[in-house]
Amino acid sequence: MAEAADFQGTSASPARRWLRRTGALLAGAPLLAGLLQLPAATPADAAGQESPQVASSAGSVSVAVDSLSPSAPSEGDTVTVSGTVTNNGKQTVTGAHVDLQVGPPLETRSAIDTLAKKSDDLQGPSSEKVGGKYTEKFTALTPGVAEPFSISVPADKLDLGDDGVYQLAVALSGKTTAQPWEQVLGIQRTFLPWQPEETGTRTKTTFLWPLISSAHMAAETGSNEQQTPVFRDDELAEEIAPGGRLDQMVSLGKGLDVTWVVDPDLLASVDAMTGSYQVRSADGGTSPGKNQEVAKHWLAELQQAVTGEEVAALPFGDPDLASLAHNGTNVTGSLNHLKEATDAADETVDTILHVKPSTDFVWPVDGAVDPSIVKVATSAGADKVITRSDSLQDNLSYTPSAARPIGGGTTAVVADSRMSTAFQGDLTKASASTLAVQRFLAQSLTLGLQTGKQRSVVVAPQRMPSVSQAQAMAEALAALQGGNWSESQDLTAAAKAKPDPAANTKVPPASAYPSSLRKQELPRAAFEQIARTQSKLDKFKVILTRQSRVVTPFGRAMNREMSTSWRGRGVAAVGYRDGIESYLNGLIDGVKLIQKSETKLSGRSAMIPVTVQNNLVQGVEHLKLRLTSKNPTRLKIGGDSYEEQPVTVNGGHAQSVKFTTSANANGQAEVVAQLYTEDGQRYGAPVDFDVRVTEVTPTVMLVIGGGVLLLVLAGFRMYTQRKRAAAREAAEDDTADTSEADDETDGPQSQADAQQNPETSGARLEQETEAGSRTDGPEQPSDPAPDTAAESADPSGTGERVDR
């Protein structure tokens with residue numbers, strides 16, 4: 001790519017610098033002539049000595065510039081440079097002193113990049129020593145010991161000329177026993193922006209201040225009426241606690257003129273923490289959350305910080321647009337989730353922050369785009385795509401304004417890649433942070449000096465800056481907003497700025513998309529799993545009496561499944577998706593049929609009960625229970641092979657549904673119970689059980705009838721015998737006849753007594769039959785069947801009876 005940030009022309013040095021350098025040259029001419037007359041050193045001597053100017057490309061002493069104040073000085077300021085020098089060698093350095101050196105101005109943005117890569121190279125560009133009293137001396141530098149230094153010098157002593165960026169070097173010189181001559185043993189170069197007076201064409205700068213985190217909530221909520229949220233971990237509390245990353249982002253951004261770029265999921269998560277919430281532990285249990293006050297304080301601070309400032313809301317969960325474009329568009333329903341995430345953004349931000357956000361912007365990862373990403377990004381209604389200049393490149397000698405049309409009514413807002421990436425990497429060391437700040441300011445000033453025309457520049461840093469990165473960003477931005485060459489502008493104004501007609505408006509092809517970013521994308525399998533979860537949710541929600549209790553948390557969880565924060569965390573992303581699908585399966589299984597054992601049907605018709613259990617908090621409806629006979633020639637249900645009945649069950653209850661059956665033959669018949677939704681979709685697992693038909697036969701009726709006849713005959717015989725005995729007692733005068741009658745009576749009476757056994761047996765059979773009907777009789781068809789408490793899901797006992 002051609003230099004995209006150079007400016008045309010160079011500036012002349014001031015007269016005093018020219019005179020001083022000319023005098024030094026004339027004074028050194030005689031010395032140079034004498035040196036030329038000296039005999040040349042022998043090869044051995046040359047090999048044994050090094051230049052008195054430098055010992056090697058990497059110095060034995062490390063120099064760290066921990067602070068440079070002010071970062072962009074003006075006339076009358078005093079520049080203070082502080083840091084440390086550390087002897088990394090094995091020999092003590094004697095006669096050591098730290099000096100400041102000022103080099104010529106850097107005229108291009110690429111020259112700044114080059115110097116930054118060689119900031120500690122002893123072979124780098126030379127500079128002129130400030131000298132005089134502006135130095136710090138050390139008697140000796142002991143190996144391994146860091147010594148602090150601080151040098152203050154008035155800005156007018158630095159001999160800075162025209163506006164521009166000057167290289168400022170801090171060099172440590174000294175001697176060692178092995179090399180007993182003075183030489184530069186360590187150096188650190190940085191940048192000194194110099195524009196003491198205001199310019200008539202200030203650069204308009206837009207700085208995005210991102211408030212984005214990873215997913216901390218899934219779909220799980222408590223079973224109470226308030227649906228107490230359940231957090232996967234307590235890491236969000238650490239981020240918003242005093243000193244945490246997000247706490248620093250809010251406190252540092254409060255005093256800056258920035259555009260706040262917010263993920264609504266972060267706001268919703270912190271808002272959920274302000275009330276009662278649970279935190280999932282490593283062993284699978286939950287414990288009450290204790291950071292309500294921390295959450296309330298953070299939200300209050302954020303509400304105050306964004307008052308009067310522009311807030312741009314990303315789609316809920318910050319979905320990965322590139323992953324969706326490359327791997328998800330062919331999966332049914334994926335784009336619908338993006339639309340839902342966009343629709344949820346406006347309401348979420350407005351409700352929690354009480355500001356109306358802009359939802360016209362989308363932000364692909366690192367601003368990298370191709371045609372498919374642009375198409376997906378704008379499919380949900382956004383018409384402005386935040387890209388970056390290393391993706392949408394320009395072949396110009398200057399940096400054009402950020403806004404440019406790319407077709408279809410879409411505007412690309414091209415962030416400057418150099419300034420946007422200035423705060424990446426490890427900035428925990430003060431020296432690294434200071435170098436990043438000075439480099440950012442140098443790029444900004446050099447960009448502004450390229451042309452005499454005013455331009456709009458956008459800075460889009462990394463999505464989730466660390467604490468040290470955020471602190472460096474805030475320091476640089478404060479210096480920029482206090483400087484003389486830039487003025488703040490919000491993102492909407494930058495997008496509306498007049499485009500540069502020479503700027504590139506052609507979106508790069510898919511082949512130009514960085515392979516390093518493509519490797520981190522969510523795979524197609526991720527979107528297929530999301531689609532599977534959505535399909536299950538669609539079937540489940542139709543039976544619920546209060547759908548929002550389930551649809552809303554699962555919808556937001558599926559938005560989080562597509563989050564950009566999963567890049568580089570593939571294993572964690574799979575675990576998150578599996579957890580959501582598993583939790584939904586558990587809710588679906590909460591509405592089910594109770595298992596049944598073999599059922600006995602002792603008659604030609606009976607009622608068979610089937611129980612539906614609802615373990616959910618809310619009631620279910622719009623369900624049908626179908627009972628089907630697989631042997632309709634033996635057993636019919638409802639006069640046919642199957643019968644359906646509607647099912648409505650209150651939360652935490654069970655409902656028994658009774659079906660009329662009729663048997664045509666004895667034997668075993670297989671029956672299947674299955675729940676269906678009203679649109680004919682199967683719901684849950686079926687329940688299979690056997691019905692054994694034991695119909696009453698004519699032979700049994702004949703045996704029962706014979707027993708009754710025997711009882712009647714025995715009773716008649718007893719009656720006739722008693723009548724005869726009464727007649728014999730009436731004839732008192734005939735003793736012989738009486739005796740004979742007694743003999744006759746005794747004989748039949750004994751026989752009658754002997755015949756009492758079959759009578760008694762018949763009576764007992766009848767009594768036991770009646771008692772059995774009263775004791776073991778099944779529930780009658782007219783018995784009520786209201787919702788009851790949850791029944792045991794254990795299988796029914798063997799030989800289950802049914803209503804007749």
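Between D688 and K596 there is no salt bridge, since no side-chain nitrogen of the basic residue lies less than 4.0 Å from a carboxylate oxygen of the acidic one. Contact check on R634 versus E670 returns no salt bridge, with no Lys/Arg side-chain nitrogen under 4.0 Å from an Asp/Glu carboxylate oxygen. Comment: E220 does not engage R232 in a salt bridge, judged by the lack of any side-chain N to carboxylate O separation of less than 4.0 angstrom. We find that R245 and E238 are not joined by a salt bridge, their nearest charged nitrogen and carboxylate oxygen being 4.0 Å or further apart.
A side-chain N or O of Q613 and one of N615 form a donor-acceptor pair less than 3.5 Å apart. In the model, N631 has no side-chain atom that pairs as donor or acceptor with a side-chain atom of S629 under 3.5 Å. Side-chain contact of S662 with S605: a donor-acceptor pair under 3.5 Å is absent, judged by distance alone. Donor-acceptor pairing under 3.5 Å is lacking for the side chains of N585 and E581. A donor atom on one side chain and an acceptor atom on the other are not found under 3.5 Å apart for Q655 and N650.
Rounded to the nearest 0.5 Å, atoms CE (M273) and CG (N291) are 5.0 Å apart. The CH2 atom of W298 sits 6.0 Å away from atom CG of L267, with the distance rounded to the nearest 0.5 Å. To the nearest 0.5 angstrom, L314 atom CG is 8.5 Å from T564 atom OG1. Between the OG1 atom in T611 and the CD atom in Q595 there is a gap of 11.5 Å [rounded to 0.5 Å].
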Just list the side-chain donor-acceptor pairs under 3.5 Å for residues 210-219, sequence neighbours left out, or say none.
| unit_1 | atom_1 | unit_2 | atom_2 | d |
| --- | --- | --- | --- | --- |
| S213 | OG | H216 | NE2 | 3.0 |
| S213 | OG | E239 | OE1 | 2.7 |
| H216 | ND1 | D233 | OD1 | 3.2 |
| H216 | NE2 | S214 | O | 3.4 |

Report, one line per pair, each donor and acceptor closer than 3.5 Å where one atom sits in a side chain of residues 374-381; sequence neighbours left out.
| unit_1 | atom_1 | unit_2 | atom_2 | d |
| --- | --- | --- | --- | --- |
| T378 | OG1 | V374 | O | 2.9 |
| T378 | OG1 | K375 | O | 3.3 |
| S379 | OG | V376 | O | 2.6 |

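Contacts classified as salt bridge (charged side-chain N to carboxylate O under 4.0 Å, His left out) and involving residues 322-343 (residues at least two apart or in different chains) are given here: K339-D343. Residue pairs satisfying the salt bridge (charged side-chain N to carboxylate O under 4.0 Å, His left out) criterion with at least one member in residues 643-653, sequence neighbours excluded, are listed as follows: K624-E644, R626-E644. The stretch residues 586-638 participates, sequence neighbours left out, in no ring pair (Phe, Tyr, Trp, His ring centres under 6.0 Å) pair at all.
Residues passing the side chain to side chain donor-acceptor pair (under 3.5 Å) test with E528, sequence neighbours excluded: R524. In this structure T359 satisfies the side chain to side chain donor-acceptor pair (under 3.5 Å) test with no other residue, sequence neighbours excluded. Here S323 pairs with D320 under the side chain to side chain donor-acceptor pair (under 3.5 Å) rule; sequence neighbours left out. Contacts of R560 classified as salt bridge (charged side-chain N to carboxylate O under 4.0 Å, His left out), with partners at least two apart in sequence or in another chain: D265. In this structure, D263 has no salt bridge (charged side-chain N to carboxylate O under 4.0 Å, His left out) partners at least two apart in sequence or on a different chain. Remark: Y676 engages no residue in a ring-ring contact (aromatic ring centres under 6.0 Å, His included) (not counting sequence neighbours). Scored by the side chain to side chain donor-acceptor pair (under 3.5 Å) test, S563 finds S565 as partners (sequence neighbours excluded).
At least one cation-pi condition fails for R577 and W566: the charged atom is not both under 6.0 angstrom from the six-membered ring centre and inside a 45 degree cone around its axis. F316 carries R556 over the face of its six-membered ring, with the cationic atom under 6.0 Å from the centre and within 45° of the normal.
Of all the heavy atoms in P553 and T221, the pair that sits closest is CB-CG2, 4.4 Å. The minimum heavy-atom distance between M558 and H337, with the atom names listed, is SD-CE1, 3.8 Å.
Checking side-chain atoms of D690 against main-chain N and O of E598 turns up no donor-acceptor pair under 3.5 Å. Remark: side-chain polar atoms of T661 are paired, donor with acceptor, to backbone N or O of A606 under 3.5 angstrom. Proximity of a side-chain donor or acceptor of S535 to a complementary backbone N or O of A531 within less than 3.5 Å is not detected.
Close placement of the H326 and Y513 rings is indicated, their centers lying within 6.0 Å of each other.
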